[in-house]
2 protein chains.
Amino acid sequence: MGLVHATASHCPSPLAAAADLRLPDAPASGPRRGVLELGLSLRHAGPRPVRIAWELDGPADAPVVFVAGGISAHRHAAANALFPEAGWANDLVGAGRTLDPARWRILGVDYLGADGRIDAPIDTADQADAVAAVLDALGIDALRAFVGYSYGALVGLQFAIRHPRRLDRLVAVSGAHRAHPYAAAWRALQRKAVALGQLQCADVQGLSLARQFAMLSYRTPEEFEERFDAPPEVVNGRVRVAAEDYLDAAGARFVARTPVNAWLRLSESIDLHRIDPAQVTVPTLVVAVEGDRLVPLSDSVALVEALGTPGQLRVLRSAYGHDAFLKETDRIDGILAAALRNPGDSA
Amino acid sequence: MGLVHATASHCPSPLAAAADLRLPDAPASGPRRGVLELGLSLRHAGPRPVRIAWELDGPADAPVVFVAGGISAHRHAAANALFPEAGWANDLVGAGRTLDPARWRILGVDYLGADGRIDAPIDTADQADAVAAVLDALGIDALRAFVGYSYGALVGLQFAIRHPRRLDRLVAVSGAHRAHPYAAAWRALQRKAVALGQLQCADVQGLSLARQFAMLSYRTPEEFEERFDAPPEVVNGRVRVAAEDYLDAAGARFVARTPVNAWLRLSESIDLHRIDPAQVTVPTLVVAVEGDRLVPLSDSVALVEALGTPGQLRVLRSAYGHDAFLKETDRIDGILAAALRNPGDSA
């Protein structure tokens, strides 16, 4: 893995370009963005040039916490003075929260493949190596913590295995050592929906349908019963059930921001993920959600029991299922407060 | 609802034709088939001519048990001397089983719309009225029992409400008073997969994908973990998970025997179903499967508690989920034995 350069001159989006132009004058503290280009040997596709976009916020001398979300997340975790748009983890990162950029440096990336430019299988090991390359480029020796949700938890487990000396502790939320076979089948069918659309250049319709099926896996029957128990309607001779408006809207929002290839390759990446928990030797907290339809509690238990270090398990019960980390932000924040506390800290 | 005629002169399939030709010479006992044509006022689509195919087996003077399966089931419950091909309930109907055609007359139908000729919303109330018309045509005053599984349970509940004097008792397995909103959303997305295929006349691919998504709702994560825990493979640059061969085969088998329209309209019919349990006044046994992803146990409990008569609930635990009635046949048979026993019978 060779570092090509660490400056921020290649920009996948206008937003990133604007940020990068500020870099030469940017202070060592506060929000910064960049794009790193490097050569990386992909586990399933061999060596190739890749680019990885990053965002860093917080005091120059603060310990670094890496925050990683699901496959639709990105480097911009939360709004800040320089990049005021809402982040994907706006309710978890900010003043008054455990992940306060006044106290920590918060680092995030756009996942490898998120720009749709890699049309090859991408492993979570590749993502972990890309994160390590970003640390090299930024002169960060080690992370105080890697906090990963969903796909981010898988990348965190790989990072802990491949770069253990660069990590103080891991918090893995709603992610385990391998994709559950039922969840993998669910995702494989979503990818087939995209393929069906691609038969006729209806990629967008296919991706929208895939997203809608994914929404069912992210949420729970309890939530649907609460929100969508109205009787169906007959519209133009067709039956339309109460949740369809919601699902249509979710699909439309998703396709507007997601390259088809990016989604396909990152969806695959979840299913490729497979680690030996015994190789995880850094202190690890696994957070599971009872009712998660993608990562059953039994898999989180199996992960913790097989870790190569005494691990901890915290279990949440939430009607939001796999999406609980985006919804139960107060409870997640409390868990992070305990997880990031040092042994000597006062409570 | 006007009876047009009850003879068996219009035959939707060669098999039915062969059977119908035997009718004039058929004995009053033993297997018989026919197709009834009548005018029926469909709840959502108004009056129209419909046809409904039936099959009856058993001694002429035996009490009649109506057996109804899921939307893919049909009038042929089990192999018999005249129609030796396997039926959809071959392990539940036969010598040595509670539903022994030597003891009962076993009656079944092809659902309204199963031949793909009705391109309009079909209600479970319509199905119940069609069953009543078949009873009229066959000179059957009342059923000893209506045993319905999945969609058949919904039709049975409607039959109990609309034709209470024609029914001694109802056994409703894996079906409730309304479609659960999450299950309805799941089916609505399956119908969208068909619509996506129809955009390009790839109806068969769309229906295959819909069936594969349906398979996930019929089965459980436990079964998938048991059968498909092998690592994924990379085939032609794409990730292929362990369950895909199984799902592909299930989709291919299904499209070979199912008209697209039939499936669409019967899928919709499940979601249209909505009854007031208080209107069910015949003795009713509800059988639920813990782990059924389409009909949660809580819905079966709600159904039993709201019945207009003291009902009973039996709960099975099965890794086969919604499909348990097709798989746990010994346990279902035991439940039926108790359900069909008369109060005065010895155990």
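Letters A, B, ... are given to chains in the order of the sequence lines, protein chains preceding strands, and every chain is numbered from 1.
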Side chain, backbone, both or neither: which part of B/A230 has a non-hydrogen atom closer than 4.5 Å to chain A?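 The backbone, not the side chain.
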Largest heavy-atom contact set with chain B, pairs under 4.5 Å, which of [options]:
options                        : answer
A/R178, A/H180, A/R238, A/E244 : A/R238
A/D271, A/L264, A/D229         : A/D229
A/P221, A/A243, A/P232         : A/P221

Residue part contacting chain B, namely of [X], when any heavy atom lies under 4.5 Å:
X      : result
A/S217 : backbone
A/D299 : side chain
A/A183 : neither
A/R265 : side chain
A/T220 : backbone

On the 0 to 90° scale, with breaks at 30° and 60°, tag the A/F213-B/F213 ring pair as parallel, tilted or perpendicular.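 Parallel: the ring planes of A/F213 and B/F213 meet at under 30°.
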Which of parallel (below 30°), tilted (30 to 60°) and perpendicular (above 60°) describes A/W186 and B/W186?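 Rings of A/W186 and B/W186: parallel, as their planes differ by under 30°.
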Among A/E225, A/R219, A/R293, A/E222, exactly one meets side chain to side chain donor-acceptor pair (under 3.5 Å) together with B/Y182. Which residue is that?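 The residue from A/E225, A/R219, A/R293, A/E222 that satisfies side chain to side chain donor-acceptor pair (under 3.5 Å) with B/Y182 turns out to be A/R293.
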Just by modelled atom types, is the A/L196 backbone N or O under 3.5 Å from a matching donor or acceptor in the B/Q200 side chain?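 Yes, B/Q200 side chain to A/L196 backbone: donor-acceptor pair under 3.5 Å.
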Are any side-chain N or O atoms of A/Q212 and backbone N or O atoms of B/A185, one a donor and one an acceptor, separated by less than 3.5 Å?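 Answer holds: no.
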Of all of B/P121, B/A193, B/P231, which one pairs up most often with chain A through heavy atoms under 4.5 Å apart?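 Among B/P121, B/A193, B/P231, the one with the most close pairs to chain A is B/P231.
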Any chance OH of B/Y320 has more than 12 other-residue heavy atoms, nucleotides or ligands included, within less than 6.0 Å?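 Open.
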Does the side-chain contact (heavy atoms from CB on, under 4.5 Å) test come out yes or no for B/V239 and A/H44, once each step is laid out? CA-CA 10 Å; B/V239 172; A/H44 307 280; over 6 Å; no
Could you state the interatomic distance from CG (A/L189) to CD (B/Q190), rounded to the nearest 0.5 Å?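 Atom-to-atom, A/L189:CG and B/Q190:CD are 10.0 Å apart.
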Close side-chain approach of B/R191 and A/V241, heavy atoms under 4.5 Å: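 Heavy-atom side-chain distance check passes, below 4.5 Å.
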Does B/E268 reach the side chain of A/V234, with side-chain heavy atoms less than 4.5 Å apart?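 Contact flag for B/E268/A/V234 side chains = no.
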